[in-house]
Amino acid sequence: MKYDIAVIGAGVVGAAVAYRLRQALPHARLLVLEKESSPAFHQSGRNSGVIHSGIYYKPGSLKALLCAKGREMLYEFAQKEGIPHERCGKLILAPEPQELPRLQALYERGIANGIPGIRLLSPEEIPLYEPEARGAGAIHVPVTGIIDYRALTQRLLELSEAHLQYNAEVFRLSPASDGYVLHTTQGTYETKYFIACAGLQADRIAQMDGLYPPLRIVPFRGDYYELRPEARWKVKNLIYPLPHPTYPVLGVHLTRMIDGSVEAGPNAVFAWAREIYSRTGFSWRDTIDALGFGGTWRFFFKHWREGLEEYRRAFSKRLFWRSLQRLVPSLTEEDLIPARSGIRALALTREGTFWDDFYFVAQARSLHVLNAPSPAATASLALAEVIVKKALQEWTFSTSVAISGA
Ligand SMILES: Cc1cc2nc3c(=O)[nH]c(=O)nc-3n(C[C@H](O)[C@H](O)[C@H](O)COP(=O)(O)OP(=O)(O)OC[C@H]3O[C@@H](n4cnc5c(N)ncnc54)[C@H](O)[C@@H]3O)c2cc1C
């Protein structure tokens with residue numbers, strides 16, 4: 001069977017792309033290849049489950065625009081398709097008075113990004129939203145929500161009506177007369193076009209396609225704790241600190257999940273493997289790839305202080321608890337139970353800076369999503385719309401004609 005378009009990766013971005021492709025090309029033969037045995041196996045199924053507002057991002061960036069647009073698309077889609085979700089709002093806290101200028105700057109960024117309904121709160125107003133939280137000030141963000149991203153990914157794939165092949169790892173690409181042959185662990189597939197949404201493996205698929213992108217995916221693990229059931233009442237919705245000014249993370253936070261549990265985390269530590277989730281997980285290939293790249297060392301050099309702090313906290317429950325106690329003083333160390341981990345695909349440049357926006361490269365016969373970090377799950381429907389439009393633009397006119405008549 002020859003396919004019109006193949007999508008590599010059944011995370012939320014790949015699933016949203018397949019769904020948008022079906023909308024754009026109702027008669028196309030679509031294929032989704034996933035190397036794991038189920039969808040959303042990596043980042044999409046191991047994230048914080050938050051629908052982000054878009055407050056944090058540089059105004060005018062793709063992240064800012066697509067997060068805001070995708071957030072509303074996501075609420076509408078989830079409502080229509082019965083995906084468990086809730087628009088519950090969140091607090092971003094400045095625990096200490098010296099953090100107030102940064103809180104004010106974030107509030108102004110939120111206004112510049114057009115985030116609806118955000119409000120600065122005085123210390124007295126904080127407990128009206130979160131009775132156990134304390135701080136010198138806070139921002140209330142009413143449009144933030146929570147969702148089940150696994151259920152979302154699953155539904156998008158169903159609606160795409162694509163042929164879905166699990167346990168099919170793409171390990172080689174070769175040219176065909178009219179597109180590509182994708183070599184997988186389940187056999188070969190011929191396609192006229194493909195879109196790679198491979199998350200933690202994005203740079204490797206690009207290399208298979210002869211591209212040498214100016215960035216490398218470096219894995220950063222995020223560990224979570226869970227609040228024991230008797231302590232869940234201490235957190236009503238979502239409580240975040242101010243994001244770190246230079247380190248590319250939001251800081252450990254408290255998140256009520258859609259199943260009613262409350263999670264604390266994630267931290268952000270350099271990981272020795274892209275897809276092994278234990279705290280001591282190690283892969284030679286991934287480690288050599290990360291440490292053989294100059295950008296990783298430059299990143300370490302710039303951020304050694306934050307990196308060391310994160311490492312200490314990864315192995316010390318007490319330090320983790322202390323970070324959370326700045327937000328909710330009544331939390332005790334015993335309230336925290338070790339829970340799961342996720343791994344972020346951090347795209348680093350050769351200069352050792354992280355690539356701070358969505359990034360994809362479109363060609364005549366393939367498109368590579370090379371950087372889809374948070375809030376890509378929130379933005380997935382809007383991001384997929386842009387990706388599909390770009391891919392179809394790049395595709396040759398003759399192929400488009402063949403598809404519309406298929
Ligand atoms: C700890 C953590 C917390 C986060 N919290 C949030 C949040 O609350 N809200 C939010 O909006 N975003 C959040 N994010 C970010 C968000 O989860 C990701 O941006 C998003 O899931 C990326 O989706 P993806 O489909 O690109 O990648 P992935 O979900 O990683 O999917 C890529 C897929 O490609 C497959 N694949 C890779 N290589 C191959 C191959 N060779 N052949 C076949 N298949 C292949 C993989 O198996 C995988 O299933 C978080 C991320 C992490 C890690």
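Counting starts at 1 for both ligands and their atoms, in listed order. Start at 1 with the first residue, then count along the sequence.
Under the 4.0 Å criterion applied to side-chain N and carboxylate O atoms, K58 and D357 are not assigned as salt-bridge partners. Ion pairing between a basic and an acidic side chain is recognised when a charged N comes within 4.0 Å of a carboxylate O; K2 and E190 show such pairing.
Using a 4.5 Å cut-off on side-chain heavy atoms (C-beta onward), H42 and I343 make no contact.
Taking the ring-ring contact (aromatic ring centres under 6.0 Å, His included) definition, one finds that F358 meets it with nothing, sequence neighbours left out.
With atom 52 (C) of ligand 1 as the reference point, the heavy atom nearest to it among R344, R172, R340, Q186 is part of R344.
Scanning the protein heavy atoms around atom 41 (N) of ligand 1, the nearest turns out to be V170 O, 3.0 Å. In terms of protein heavy-atom proximity, atom 47 (O) of ligand 1 is nearest to E34 OE2, 2.6 Å. With respect to atom 34 (O) of ligand 1, the closest heavy atom belonging to the protein is G9 CA, 3.2 Å. Of the protein's non-hydrogen atoms, V13 CG2, 3.4 Å is the one closest to atom 26 (O) of ligand 1. Of all protein heavy atoms, the one lying nearest to atom 37 (C) of ligand 1 is A198 O, 3.4 Å. Looking at atom 8 (O) of ligand 1, its nearest protein heavy atom turns out to be V50 N, 3.0 Å. Nearest protein heavy-atom contact of atom 19 (O) of ligand 1 is A372 O, 2.7 Å. The nearest protein atom to atom 36 (N) of ligand 1, hydrogens excluded, is given as K35 CE, 3.9 Å; this is a heavy-atom distance.
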Side-chain donor-acceptor pairs under 3.5 Å in residues 134-146, sequence neighbours left out?
from: R134; atom 1: NH1; to: P131; atom 2: O; distance (Å): 2.9

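A donor-acceptor pair shorter than 3.5 Å cannot be found between the side chains of T153 and Y19.
For Y149, every heavy-atom contact with ligand 1 shorter than 4.0 Å involves the side chain, none the backbone. Under 4.0 Å from ligand 1, the heavy atoms of P373 that appear belong solely to its backbone. Here H52 has side-chain heavy atoms under 4.0 Å from ligand 1, and that is the only part of it that gets that close. Contacts of S380 with ligand 1, taken as heavy-atom pairs under 4.0 Å, are absent altogether. Of all the heavy atoms of Y224, the ones lying under 4.0 Å from any atom of ligand 1 belong exclusively to the side chain.
Judged by distance alone, the side chain of Q43 and the main-chain N or O of A345 form a donor-acceptor pair under 3.5 Å.
The two residues A168 and T184 come nearest to each other via the heavy atoms CB-OG1, 3.9 Å.
Under a 4.0 angstrom heavy-atom cut-off, S374 registers as being in contact with ligand 1.
Considering backbone and side-chain N/O of Q43, one or more are found under 3.5 Å from N/O of ligand 1. Residue S44 has at least one nitrogen or oxygen atom sitting less than 3.5 Å from a nitrogen or oxygen atom of ligand 1, judged on distance alone. Residue E275 has no nitrogen or oxygen atom sitting less than 3.5 Å from a nitrogen or oxygen atom of ligand 1, judged on distance alone.
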